[in-house]
Every structure is written in structure tokens, then in C-alpha cells.
Amino acid sequence: MYKLDSFMAELERKNPAQPEFIQATREVIESVIDVVNENPVYEKNKILERMTEPDRVFSFRVEWEDDLGSLQVNRGYRVQFNNAIGPYKGGLRFHSSVTLGTLKFLGFEQTLKNSLTTLPMGGAKGGSDFNPRGKSDSEILRFCRSFMTELQKYIGPDTDVPAGDIGVGAREIGFLYGQYKKIRDENTGVLTGKGINFGGSLVRPEATGFGTMYFADEMLKAHGDTIVGKTIALSGFGNVAWGAAVKATQLGAKVVTISGPDGYIYDADGVGTEEKWAFMNYLRTSNNDVVEPYAKKFGATFVAGKKPWEVAVDMAFPCAIQNELSLEDAKTLVSNGVRYVVETSNMGCEAEAATYFIEKKIPFGPGKAANAGGVAVSGLEMSQNAMHLAWSAQEVDEKLHAIMVKIHEACVLEGKDEDGYINYVKGANIAGFKKVADAMVMMGY
Ligand code: GLU
């Protein structure tokens with residue numbers, strides 16, 4: 001019999017100073033411990049011990065020269081977490097906050113998320129403490145070349161397929177893929193999120209944002225409700241927030257906030273227009289990385305240094321980074337009448353915040369279910385590359401939609417409490433876990 005506290009104490013002992021990894025694993029183990037204890041085959045196969053230990057971790061030095069001619073040194077990583085159900089798959093994050101513990105939490109989450117997508121993909125994550133903010137294109141290029149020169153030793157289209165994440169978008173994927181191709185002379189699509197003219201998939205840039213809205217739409221339907229007319233607070237102003245705002249607007253909801261490192265924008269008219277997003281995109285990529293100018297240009301309100309969780313809305317979608325929504329924020333949202341919360345960033349809510357929503361019986365979609373649309377379309381990109389063909393946007397979007405509906409169904413199946421409350425955290429964790437655990441049992445150690 002596994003006991004949560006003693007198992008977690010041992011895991012903490014083995015992984016010191018990795019609080020995010022401990023937070024992510026604790027949440028999952030809390031959800032699955034009864035399932036594990038009811039199935040002795042899992043204990044016999046040491047499933048919890050094996051699933052919380054990455055298959056392997058690569059750490060490497062990345063040297064590059066800045067525009068002033070000085071040599072810079074960063075640390076790169078690839079955490080290959082679990083390949084029980086398919087090749088390792090997961091993004092690369094370039095952000096100053098990246099540590100091994102961050103990437104282990106993300107790789108662990110990715111394993112369960114990828115399992116939920118219904119596609120055959122294992123879980124991985126990688127990246128660097130390199131911060132692309134304020135760097136010139138040539139600096140980014142030199143960094144990416146150096147990073148890939150090392151990373152290419154560990155990846156391959158049937159082994160490990162990286163993609164983007166925070167700080168790694170179309171530009172970085174292009175540079176990374178270019179370097180891989182130079183060294184290996186292969187066009188196998190070893191990265192996803194590529195440009196359309198060299199093997200990328202249509203709808204990939206919007207996929208995480210579209211997917212989270214499809215998932216939210218299913219949540220509302222399951223509660224006899226509709227997304228039409230709902231007001232939404234989003235954080236972030238990158239690809240993910242953009243896709244979510246576009247899809248929310250198409251479905252008849254109104255997104256009234258976005259946020260950047262400098263604060264948040266409240267726009268009562270809604271942020272989901274092409275013109276507004278083109279401007280946001282300009283702000284993000286012109287190295288200003290601030291949202292404030294949006295307020296002046298479009299007559300909206302800018303609130304400096306704060307997050308959008310103080311705005312009274314029907315639905316909240318953290319779309320920026322882990323632990324961006326605290327218990328205090330959760331209490332404010334609930335007292336202002338929030339009715340649904342959909343985590344779109346990975347582990348966007350602090351553990352206490354997620355628990356608070358669940359205690360208050362607010363339907364709460366966890367990131368590993370709600371944001372799985374991004375990696376799902378990455379999986380579809382892999383299929384297209386393997387078949388050497390390209391699907392239409394409509395075809396990809398229909399497949400993405402069908403996948404999000406299936407993920408929602410799986411969460412309801414495993415997560416419905418006796419009182420009828422759908423505990424999406426429990427549902428996603430159990431559904432994602434079982435598939436990987438069963439595969440590991442069937443393949444032996
Ligand atoms: N970084 C994204 C995620 O967290 C996408 C990963 C991918 O496409 O492989 O799921």
C-alpha cells in the first residue's frame with residue numbers, strides 16, 4: 001500500500017530544491033493513489049517510483065557570442081521523462097527562470113498530457129536559462145545554433161521530437177531546425193511548430209489557444225451552460241493567449257483582459273480583433289515586451305504591476321506561466337463571481353488555488369487537459385511529416401476539436417464525484433496516468 005505522505009517525503013529527499021516538480025507530482029499522486037492501491041499490479045511494478053523518475057536527463061553548456069563580441073555561457077537541458085507510449089515529445093523553454101526542477105515538472109506533466117491526447121507520444125521537456133528578451137535576431141540565431149549542436153545528439157523523429165514553449169516560437173524553431181538540418185542533412189521533421197513551407201502544420205500556432213476554448217466549451221455544455229455571452233479574463237499576450245482570444249470571440253464570448261510583464265489591460269470592448277492582436281504581436285516581438293501602449297492606442301485601461309484576476313468575469317484562463325494564480329487571486333475571483341477556471345499555462349495555479357476552486361465546486365480545467373491542443377497538433381504535424389503530405393487547416397482543426405472533446409470525455413469519466421461535481425483534476429490525472437502505467441506494466445521493466 002502506498003501512503004501519500006511517506007511517498008512524497010521520499011520523493012522530496014531524492015529531489016531536493018525542486019519545488020515545482022514536487023508540486024506537480026504531489027497533485028497527480030493525490031489523484032491516483034487510490035487507483036494504484038486498488039490494483040496490486042501497479043505496486044508490484046513500482047509504477048509510482050518509475051513514473052516519477054525521468055528516463056534520463058541531459059545537461060549541457062551552451063556558448064554563444066553576443067553582438068558586442070563577448071562570449072556568453074548558458075545551460076541547456078533535455079529531460080526525456082517517459083517514452084512508454086511513444087517517442088519523447090515536448091517543448092523547449094527559453095526563460096531566465098528555467099532550472100532542472102522546472103523542466104522535470106514540465107516533463108512529468110507532459111507525459112500525462114500527451115497520454116490524454118490519444119496520440120502515441122511520450123513526455124519530455126527541455127530548454128535553457130537563456131532569456132531571449134531584448135536579444136537581436138543574430139544573437140538568437142547564434143544561441144539556437146549552439147544549443148542545437150548539442151541537442152541533436154539526443155533527438156530524432158522516432159526518438160524525441162522537441163517543439164516550442166515559452167520563449168521558443170516560430171523564429172527559434174526555424175533557427176533550431178536549420179542547424180539540425182545542417183548537421184544531420186535530414187528533412188524528417190524532428191521539431192514541430194515548423195514554418196508552413198518547411199513541414200509545419202497549419203493551425204499549430206493557434207492550437208493551444210483553440211484547444212483550450214474547445215475544452216472550455218465542452219465544460220460549459222457539461223454544466224448545461226453556454227459560452228455565448230461569457231466574459232473572460234486571460235493572462236499573457238503570446239501565441240496561446242492570442243489563439244484563445246480568437247476562438248473565444250468566434251464562439252461568442254468576450255475576452256476583456258490580457259497581460260504582460262508590466263501589468264494588465266482591461267478592454268471592455270473585447271480584445272479579440274485582428275487589429276488589436278496585430279498590435280500586441282508587434283509589442284511582443286519588437287523587444288518592448290510590454291502591454292501598456294495597447295491602452296493608449298485602443299482606449300482601454302492599463303493597470304500597472306498587477307494580474308487580471310481582480311476583474312469580475314465569468315471565466316478565467318491563466319495563459320502565461322506556472323503558479324501565476326495564487327490562493328489570494330482565487331479567492332478574489334470567486335468572490336467576484338467567477339464560474340469556470342481553465343488553466344491554459346502548465347500548472348498555472350498554485351496548488352492551494354486549484355484546491356480552493358475545487359472546494360468551492362467551481363469547475364476547474366487543469367492545464368494538462370485544457371492546454372493539450374498544442375501538443376496534439378504537434379502530433380498531427382509528426383503524422384503529416386511521416387506521410388510527406390500536408391493537411392488543410394480545416395482538416396487539422398476538425399481533428400484538434402475531436403481530440404479536445406475526447407479529452408473532456410475522459411476527464412468526466414474518471415473525475416465525476418458522487419455528488420455529481422466533475423473534478424477535472426482527478427479525471428485528467430487518472431485518465432492520463434492509467435494509459436502510461438498500463439503500457440509500462442505490459443512491457444515489463
Ligand atoms: N510546449 C507545449 C506544451 O506544453 C507544446 C509541446 C509540443 O508541441 O511538443 O504542451
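Order of appearance sets the numbers: ligands from 1, and atoms from 1 within every ligand.
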Asker: Any idea which protein heavy atom is nearest atom 6 (C) of ligand 1, and the distance to it?
Answerer: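 For atom 6 (C) of ligand 1, the nearest protein heavy atom comes out as G91 N, 3.6 Å.
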
Asker: Can a salt bridge be assigned to the pair E310 and K306 using a cut-off of 4.0 Å between side-chain N and carboxylate O?
Answerer: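 Looking at E310 and K306, the cut-off is met.
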
Asker: Examine the proximity of ligand 1 to E381 and report which part, side chain or backbone, both or neither, has a heavy atom under 4.0 Å away.
Answerer: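 The answer is neither; E381 stays 4.0 Å or more away.
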
Asker: Take every heavy atom of Q110, measure it against each atom of ligand 1, and state whether any distance is under 4.0 Å.
Answerer: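 Contact present.
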
Asker: Hey, are E27 and K368 close enough for a salt bridge, meaning a charged N less than 4.0 Å from a carboxylate O?
Answerer: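 Yes, E27 and K368 are salt-bridged.
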
Asker: Any Lys/Arg nitrogen of K153 or E150 sitting under 4.0 Å from an Asp/Glu carboxylate oxygen of the other?
Answerer: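 Answer for the salt bridge query: yes.
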
Asker: Check each atom of ligand 1 against the heavy atoms of G90 and keep those under 4.0 Å away; list them by number with element.
Answerer: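 Here the atoms of ligand 1 in question are 9 (O).
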
Asker: Determine, for K181 against E186, whether the closest basic-nitrogen to carboxylate-oxygen distance falls under 4.0 angstrom.
Answerer: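 Answer for the salt bridge query: no.
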
Asker: Which bit of N346 gets closer than 4.0 Å to ligand 1, counting heavy atoms only: side chain, backbone, both or neither?
Answerer: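 Side chain only; the backbone of N346 stays clear of ligand 1.
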
Asker: Testing F130, F175, F147 for ring-ring contact (aromatic ring centres under 6.0 Å, His included) with W64, which one passes?
Answerer: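 Of the listed residues F130, F175, F147, the ring-ring contact (aromatic ring centres under 6.0 Å, His included) partner of W64 is F130.
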
Asker: To the nearest 0.1 Å, how far is atom 1 (N) of ligand 1 from its closest protein heavy atom, and which atom is that?
Answerer: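 Ranked first by proximity to atom 1 (N) of ligand 1 is D165 OD1, 2.7 Å.
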
Asker: So, regarding S378 and ligand 1 (criterion: nitrogen or oxygen to nitrogen or oxygen, under 3.5 Å), is there a contact or not?
Answerer: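 N/O-N/O distance below 3.5 Å exists for this pair.
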
Asker: Taking R133's backbone N and O only, do any of them form a donor-acceptor pair with N131's side chain (distance below 3.5 Å, no angle check)?
Answerer: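 Yes, the answer is positive, given that a donor and an acceptor are paired below the 3.5 Å cut-off.
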
Asker: So for ligand 1, is V161 a polar contact partner (N or O within less than 3.5 Å, distance only)?
Answerer: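 V161 vs ligand 1: no N/O contact under 3.5 Å.
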
Asker: For K125, take its heavy atoms, then give the atoms of ligand 1 lying under 4.0 Å from any of them.
Answerer: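 In order of number, 1 (N), 3 (C), 4 (O).
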
Asker: Heavy atom of R93 under 4.0 Å from ligand 1?
Answerer: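 Heavy atoms of R93 never come under 4.0 Å of ligand 1.
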
